[in-house]
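Both ligands and their constituent atoms are indexed starting at 1 by order of listing.
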Amino acid sequence: MIWYPYEQMKTMKSPYKIVDAEGVYLYTEDKKLIDSVSSWWSVIHGYKHPELNGAIESQLEKFAHVMLGGLTHEPVQRLSDKLQSLLPGDLDHCFFSDSGSVAVEVALKMALQYYMNRDETRRTMVLALEHAYHGDTFKTMEVGDDEDYHFVLKAYGESKNVIHIPTEIEALEKAFAEYHDRLNCFIVEPLLQGAGGMRMYDVSFLKRARELCDRYGVLLIFDEVATGFGRTGNRFVADLVLPDILVLGKALTGGYIGHAVTVANHKVYEGFYDDNPSHALMHGPTFMGNALACSVALKSIEVFEEQDYMSNIRRIEEITRREMDGFSDPRIKEVRIMGACVCIEVYNSDTIKGYQQFAYDRGVFSRPFLNYMYAMVPYVIKEDELVKVLTTMKEWFQ
Ligand SMILES: *Cc1c(COP(=O)(O)O)cnc(C)c1O
């Protein structure tokens, strides 16, 4: 039997069974639902997209997968070229993996080994944010700050290798003053912290982080697994502030196949590039550079660019601001909007218990968590569909 994610299996209500999906819609046996979650924020083009389907079908006629150990192929080469030209600055070196968590692990391993390769063995610490989420594997849990994993703290105690700070410049400066010679990197979800509660913060924090990282030689890592490809209203937050290492996942393949990439700049790459074999990056997920994933990722990026998705995202943000204008309720702490993300934070999590079924009955799939009711819709959503999602959210409070 299936062991479902993030659920107490004993008490979980049975999941909705999806039998078909097309555009922004999920179909159960008897219901048609707008997916306001984009299958964990990844399905930016909607389901059963003819061009994305076509990209997989034509690659499938050649081969589905070959390993990257000693082999290479056109889809992975073209995707790496495409990312190199798409991404800002000298973020040019693409290491592929099969999930966001693994890609973050790779980023952290790169940052740590970068300093070990230079014999700077004191730099073992990671600076991270309060409420951070970077994945479910062990090192990503350690740099994350998620109450759901506090069993790890219980078992191992507080990590001496990670410091968490709030998104405040004062705290940032204090952390650098205290720890700068022991830090190897600062990892953030830039501008928008997703799983930690759709928390939004200002770009001035990231600009200051870039200055401090430069001054003290600390690597800056942007985990854009959730924010990449337009979610914040920027193509990448890296367009505003340039990190040393960038991680992309979720929307990379348009939500078709699990795949992710860790992109390093020249400085990081050169920290590994020499005649010493022990300076190599010893990592290699079995399915890295999967040909079907790379083919669909390429097509996804092509459609994103050719059909000017950034203006779709601006339109989504405008409609969302218009619909949410003046909306309030004493049970609501804050309504936050950034790009194609809207979140209603309530004071008490009981306030939104039952919302999922309420939305389902009205033809919207939603997945609120803790104190957060949110929408991260596919970018192809039409105005009336988006209004329906937002109206359903508001109606719950009436
Ligand atoms: C979802 C997410 C991850 C983990 O990605 P998986 O593909 O689920 O392993 C990492 N970082 C951020 C910011 C995410 O939102």
Is I2 reachable from M9 through a run of I, L, V, M, F, W or Y residues, each pair having side-chain heavy atoms under 4.5 Å apart? yes
May I ask you to identify, for E224, whether its side chain, its backbone, both or neither come under 4.0 Å of ligand 1 on a heavy-atom basis? neither
Just wondering, are more than 12 heavy atoms of other shown residues or ligands nearer than 6.0 Å to CZ in F327? yes
With heavy-atom distances below 4.0 Å as the criterion, list the atoms of ligand 1 near S99. 7 (O), 9 (O)
What protein heavy atom lies closest to atom 12 (C) of ligand 1? Include the residue and the distance to one decimal. D223 OD2, 3.4 Å
Sidechain N-carboxylate O distance under 4.0 Å for E211, R208: yes
Just need the protein heavy atom nearest to atom 8 (O) of ligand 1, so name the residue and atom and give the distance. S101 OG, 4.4 Å
Report the C-alpha separation of V24 and D35 in whole Å, then their side-chain angles, then the decisive distance to 0.1 Å, and conclude whether the side chain to side chain contact (heavy atoms under 4.5 Å, CB included) test is met. CA-CA 6 Å; V24 300; D35 182 2; 5.9 Å; no
Assess, by modelled atom type and distance only, whether the side chains of D81 and Q77 contain a donor and an acceptor separated by less than 3.5 Å. no
Heavy-atom pair with the smallest gap, counting every atom of T262 and A103: OG1-O, 2.8 Å
In terms of atom number and element, which parts of ligand 1 are under 4.0 angstrom from non-hydrogen atoms of H134? 10 (C), 11 (N)
Counting only nitrogen or oxygen atoms and a 3.5 angstrom limit, does E189 reach ligand 1? no
Of all protein heavy atoms, the one nearest atom 7 (O) of ligand 1 is G100 N, 2.8 Å
Out of curiosity, is W41 lining ligand 1, as in a heavy atom under 4.0 Å away? yes
Under 4.0 Å from a heavy atom of A226: which atoms of ligand 1 are those, numbered in the order shown and with their elements? 15 (O)
Write out the residue and atom name of the closest protein heavy atom to atom 2 (C) of ligand 1, then the distance separating them to 0.1 Å. K250 NZ, 2.5 Å
Between F63 and H73, how do the two ring planes meet: parallel, tilted or perpendicular, split at 30° and 60°? perpendicular
